[in-house]
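Okay, so here's the structure we're looking at.
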Amino acid sequence: MNTVLPLLSDSGLPSGSPGPDRLPDSARAGLTTTPFGLYVHVPFCATRCGYCDFNTYTSDELGPGANRAEYAGTAIAELRRAAETLGPDLPTISTVFVGGGTPTLLPADDLAAVLAAARDLFPMDDDVEVTTEANPESVTPASLARLREGGFTRVSLGMQSAAEHVLAVLDRRHTPGRAVEAAHEARAAGFEHVNLDLIYGAPGETDADWAASLDAVLASPVDHVSAYALIVEDGTRLARRISRGELPMPDDDVLADRYETADATLRTAGIEW
Ligand SMILES: C[S@@+](CC[C@H](N)C(=O)[O-])C[C@H]1O[C@@H](n2cnc3c(N)ncnc32)[C@H](O)[C@@H]1O
Ligand code: SF4
């Protein structure tokens with residue numbers, strides 16, 4: 001089993017009481033003998049996609065006390081507190097995952113500073129995998145190069161679809177080609193591991209659209225693909241549009257067919273589970 005330490009609370013703000021509290025020995029038992037992962041949540045997005053219910057905030061939604069410019073410093077303070085709480089025999093980190101939201105809305109220097117602090121505070125495996133999620137429109141060749149130089153080894157980009165009308169229904173801000181272009185930029189920056197996320201079953205998506213999305217990721221320089229069935233989450237703009245009858249509910253049989261197409265196409269291309 002992989003132990004994952006969530007760095008920040010669900011609110012996206014430092015959790016718990018002010019002073020460092022050591023965990024009781026019983027809670028720390030086994031910490032140093034099981035794989036230990038660090039998850040850093042960056043809860044900012046430029047805009048909210050209609051289907052998404054992740055813990056994330058746009059600039060308009062941010063209240064006082066939570067701003068992007070101070071976020072890396074806050075995360076580092078929380079890391080220090082986590083190390084005090086878990087110590088003195090700290091577990092060795094085998095994976096770091098910086099997720100969102102859109103972590104790459106923060107400057108690459110800030111993400112590199114958080115990673116450097118984690119390295120200072122915790123032992124890390126020599127071959128630690130360090131991933132950041134990224135939106136295609138939020139990275140540049142220069143920012144990707146800085147992330148690589150700062151110790152990130154893997155980038156996971158949200159592509160969702162190669163069809164323009166599907167991206168529009170999902171409220172995505174990038175063009176169909178931008179995600180693949182960003183994957184190329186990540187490889188050019190030295191990332192060996194690049195993932196593209198796809199979503200299938202969006203209203204209006206056809207079998208041909210889905211096949212084209214799979215073809216596009218297979219023609220890109222990725223070593224991993226995440227294909228998600230669209231989930232209509234309560235409270236999202238997508239759910240409201242469906243309940244008003246503006247968009248159809250994804251059909252379970254269509255979702256099952258798309259899943260089978262993805263499984264067969266990716267497997268044939270040599271991408272195994
Ligand atoms: C938390 S997002 C972070 C990635 C990045 N912010 C982006 O959107 O490009 C991770 C992935 O979750 C998936 N996802 C989010 N909400 C979903 C939903 N309601 N149904 C299916 N997939 C979803 C999308 O594929 C998205 O790329
Ligand atoms: S899918 Fe990604 S960009 Fe869209 S709102 Fe969710 S976290 Fe933000």
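Remember, it's a predicted structure, so these values are computed and weren't measured experimentally. First listed ligand is number 1; within each ligand, the first listed atom is number 1.
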For the residue pair R68 and Y57, confirm or rule out a side-chain donor-acceptor distance under 3.5 Å. no

Under 2.8 Å from atom 4 (Fe) of ligand 2, the protein N, O or S atoms, given as residue and atom: C49 SG

Just wondering, do L266 and W273 contact through their side chains at under 4.5 Å, heavy atoms? no

Which of the numbered atoms in ligand 2 are below 4.0 angstrom from a heavy atom of G101? 7 (S)

Carboxylate-amine/guanidinium proximity below 4.0 Å for R81 and E84: no

Taking salt bridge (charged side-chain N to carboxylate O under 4.0 Å, His left out) as the cut-off, I'd like each qualifying pair that reaches into residues 255-264, sequence neighbours left out, listed once. E205-R258, D207-R258, D263-R267

Check the side chains of N135 and T102 for a donor-acceptor pair under 3.5 angstrom, ignoring hydrogens and angles. yes

Any carboxylate oxygen within less than 4.0 angstrom of a Lys/Arg side-chain nitrogen, looking at D171 and R48? no

Not counting sequence neighbours, which residues clear salt bridge (charged side-chain N to carboxylate O under 4.0 Å, His left out) with R28? List them please. D25

Validation row: L238, V169 side chains within 4.5 angstrom (heavy atoms): no

Can you classify the ring geometry of F122 versus F36 as parallel (below 30°), tilted (30 to 60°) or perpendicular (above 60°)? parallel

Who's touching ligand 1 if we go heavy atoms under 4.0 Å? Y51, F54, G100, G101, T102, E133, A134, N135, G158, Q160, R172, D197, I199, Y228, A229, L230, I231, E233

If the threshold is 4.0 Å, N to carboxylate O, is there a salt bridge linking E185 and R178? yes

